[in-house]
Number of protein chains: 2
Amino acid sequence: MKLFFGDVFQEHAILTQEESHHFTKVLRGKLNDIIYVTNGTGTLIKGKATDVHAKEVTVSIDEKFDEFERKNYRLHMVVAPTKNMDRLEFFLEKATEIGLDEITFIQSFHSERKALKIERIEKIIQAATKQSLKAYFPIINPLVKFTDFLEAQKTNSADKFIAHCNQTIDRIPLKEQLRSSTGDVVILIGPEGDFSIEEVQLAEKKGFKGISLGHQRFRTETAALQAVFATDWELGEK
Amino acid sequence: MKLFFGDVFQEHAILTQEESHHFTKVLRGKLNDIIYVTNGTGTLIKGKATDVHAKEVTVSIDEKFDEFERKNYRLHMVVAPTKNMDRLEFFLEKATEIGLDEITFIQSFHSERKALKIERIEKIIQAATKQSLKAYFPIINPLVKFTDFLEAQKTNSADKFIAHCNQTIDRIPLKEQLRSSTGDVVILIGPEGDFSIEEVQLAEKKGFKGISLGHQRFRTETAALQAVFATDWELGEK
């Protein structure tokens, strides 16, 4: 079962230029091949390739699913990218497979990484979305300063959490928090050196509650992964 | 805070030859440096380097902890290694950080990988154990045929699970199973092509219960990671 990205219209779907190239040149796809197409915003169709060109592949719509496997919760992860890109990329792949709706990269006081190639990140997330047969493509936001991210926060009903290791500031276990959650969750994960006290205090002023992920010392990407797993484990349909 | 492996005696500890080399040559460690040493079976000490040679570093015992951060559950993961070694290695690193007590690699009917360099795997698990400051080194078993693994199973009180995707055979969600668990857990995770029906039936005869990890299509290493996270989430102290 092969899934491609494209535009889905009333009577047919058209693969993006990149996906058309992938279908014709890499996979040697042919006329009448049966494939799946998603628009990345919830619609997924099954159909046959009816017009095959290297730059544009047209697909008939034999079956159509709206809100395909839509999750019953929403998760926005806000993470300080790790110094090592492999670790960040693995996290992104796994998070997408498990259930990620939006990701924002932040540069915080102790961040070691100051720049990020967003195109590469989009590719990884797109590949993981297709591989795990999802019809929703996560929203990807570029790297912003943590203070700017907080400044832009609007008041809404989402459950907002900041994971940190500072034992002088009160924290509640994520488990407890998730079990009384509304299903709309934002989780902040700091850099290798943790958030600074000032950053935690600023986040708290903006409505983020301090959480602990357990008593263990986790790497940044392990903490972020655990937050994604835990959210799906507690809020997702099993 | 630096953790090393070594033998812990009554009055002093001695780093292994490899760790002595690492301390002296790579980290340029010196006399009187304060370091931590674990024997990998629960004991962790803090002390000073009192005798420094490239092949043997002796450490005084200033503080000693037995059963250091011992978990309240035991997890034995039995996995078919992925074709791609990077994915397997990332799983092993994360699993060790989160909480892994024993790992067995199996070759099952649909396995694509028939060989495994166990030395490399030991290195990865050892590094992850040290990095996450653990005093228990997981037991690592070499690659065995799945049928031989099952043959060798003894009757005991452990909760034994086999994760598979075969919808014609009854499965219970892992979540439910864990919530009534004794705390001694064995989980089997199959290869990319899943366990065969015969393998699932054979495992069931040996006391393994079929489990599902959710409705999602996960890669092998994602399924294995989820099982580790879930076990720690449900059974570990938070």
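Since the structure is predicted, the reported quantities are computational estimates derived from the model, not experimental observations. Chain identifiers are assigned alphabetically (A, B, ...) following the order of the sequence lines, protein sequences preceding nucleic acid strands; residue numbering begins at 1 within each chain. Side-chain atoms are counted along with the backbone in the values below, which use heavy atoms only and exclude waters and symmetry mates.
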All heavy atoms of B:D194 vs all of B:C165, minimum pair found to be OD2-N, 2.9 Å
So for A:E176, is it side chain, backbone, both, or neither that comes closer than 4.5 Å to the heavy atoms of chain B?
neither
Under a 4.0 Å N-O cut-off, is there an ion pair linking B:D101 with B:K71?
yes
Determine whether B:L27 and B:F4 satisfy the following criterion, side chain to side chain contact (heavy atoms under 4.5 Å, CB included), listing intermediate values before the conclusion.
CA-CA 12 Å; B:L27 301 172; B:F4 297 86; 3.7 Å; yes
Between A:R179 and A:E234, does any NZ, NE, NH1 or NH2 come within less than 4.0 Å of an OD or OE carboxylate oxygen?
yes
Identify which of A:S212, A:G99, A:A230, A:S132 forms the greatest number of heavy-atom pairs closer than 4.5 Å to chain B.
A:A230
Looking at chain B, which one of A:E69, A:R219, A:K94 has the largest number of heavy-atom pairs inside 4.5 Å, strictly under?
A:R219
